[in-house]
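Worksheet for the structure shown next.
Keep in mind the model is a prediction, meaning the values are calculated, not measured.
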Amino acid sequence: MCIKRNSLTQLTLAVLMAFVFTSCGHGLKRVELRGSAQGTYYSIIYYTPDAADYKAEIDSILNDFDMSMSVYNPQSLVSRINSGDTAAVADKYLLDNLKLSDYMYHETGGAFDVSGAPLFDFWGFGSGNSDYMAKVSNPQEQDEEVKKLLEIIGFDKVGYDTITGKVGFDMPGMKLNFNAIAQGYSVGVVCRFLDSKNIDSYLVEIGGEVYAKGKKPSGKMWRVGIEQPADSTESPQNFNEVIEITDKSVVTSGNYRKYYIRKDF
């Protein structure tokens, strides 16, 4: 009888514990936030017991980040540095991204280069309204213009001081564009904010850069759709595959939304 009572007690405790954990899980409330940042959009989903709305705080964080890193904002630090404003001093966001970009530039043998901004603008993929058609009338002129721009591109021509925050260029006309790294970095910034609020279940996406932490209260993993490559920039968005992730990042890129077809004569 003693053994049976102990077994029954253990079983009762197990059921009660399961009930507690199930109740806690279902007691979490889903919060979904949407907005814009860095010339793109963001989408954040998280679960909390009190459905706390952190949109104002997150918008403030992303606004500060924009004022540092966004080439779409003419008043941002990077835009001011690009325009030659000697009073502009890099903050932590910009310095971190400079150091990361420096590292990636050397690790990739120059393939990853945030100083390629003049070329991005020339091809029409940058922050401005620059278009190669406005500058050249045929492929030969286009090639000549590209050769000129390549002379002012190369992160080894960028200087920055981690103490004073000063950033300088070796040649006039040089510019920086961190779009290839800034959005992923900003996802990490938002994740650290959610971590500080003791949120253990969330999905953060900024312009297609995604990080998922934990699982949903139901125990299911986060589901992320992978877009099917489109035939044109006007094609509707269709998902080619849906994957399940937890405690992982997903980053996808494609040239099917922004591209240019050159027709040589």
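- Y211 contributes no side-chain N or O that, together with a main-chain N or O of G184, makes up a donor-acceptor pair within less than 3.5 Å.
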| request: Carefully, step by step, assess Y202 and V190 under the rule side chain to side chain contact (heavy atoms under 4.5 Å, CB included). | output: CA-CA 11 Å; Y202 59 70; V190 173; over 6 Å; no
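- Using a 4.5 Å heavy-atom cutoff, the side chains of Y41 and R34 are not in contact.
- Here L194 contributes atom CG and Y54 contributes atom OH; the two are 8.5 Å apart, rounded to the nearest 0.5 Å.
- Annotation: side chain of V167 is not in contact with side chain of L95 (no heavy-atom distance under 4.5 Å).
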| request: Give the C-alpha distance, both sets of side-chain angles, the deciding distance and a yes or no for side chain to side chain contact (heavy atoms under 4.5 Å, CB included) between C191 and V187. | output: CA-CA 6 Å; C191 290; V187 168; 4.0 Å; yes
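- The shortest non-hydrogen separation linking I245 to K248 is CD1-O, 3.8 Å.
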| Are K157 and F169 close enough, and set up right, to give a side chain to side chain contact (heavy atoms under 4.5 Å, CB included), and what steps lead you there? | CA-CA 6 Å; K157 302 181 183 71; F169 304 128; over 6 Å; no
| Are L33 and D53 close enough, and set up right, to give a side chain to side chain contact (heavy atoms under 4.5 Å, CB included), and what steps lead you there? | CA-CA 8 Å; L33 308 177; D53 186 340; 3.5 Å; yes
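- Once rounded to the nearest 0.5 Å, the distance linking OG of S218 with OH of Y47 reads 7.0 Å.
- To the nearest 0.5 Å, atoms CG (D66) and OH (Y93) are separated by 10.5 Å.
- Heavy-atom minimum distance, T162 versus K99: CG2-CD, 4.2 Å.
- In this structure a side-chain-to-backbone donor-acceptor pair under 3.5 Å is present from T246 to G214.
- With hydrogens and angles ignored, the 3.5 Å screen pairs a side-chain donor or acceptor of S186 with a backbone N or O of Q183.
- In terms of heavy-atom proximity, W222 sits nearest to S201 at CZ2-OG, 3.4 Å.
- The CG atom of L150 lies 5.0 Å from the CG atom of L119; values are rounded to the nearest 0.5 Å.
- Ion pairing between K92 and D96 holds under the 4.0 Å rule for side-chain N and carboxylate O.
- Distance check, rounded to the nearest 0.5 Å: OG of S115 to CZ of F178 gives 9.5 Å.
- In this structure a side-chain-to-backbone donor-acceptor pair under 3.5 Å is present from K166 to T86.
- Atom CG of N179 sits about 7.5 Å away from atom OG of S70, to the nearest 0.5 Å.
- Follow the hydrophobic side-chain contacts under 4.5 Å out from F193 and you reach V31 in the same cluster.
- Considering all non-hydrogen atoms of both residues, K175 and D121 come closest at NZ-OD2, 2.6 Å.
- Between D91 and S68, the shortest heavy-atom distance links the atoms OD1-OG, 2.7 Å.
- The pair R80-D85 meets the salt-bridge criterion, since a charged nitrogen lies less than 4.0 angstrom from a carboxylate oxygen.
- Distance alone, capped at 3.5 Å, is enough to place a donor-acceptor pair between the S79 side chain and the N73 backbone.
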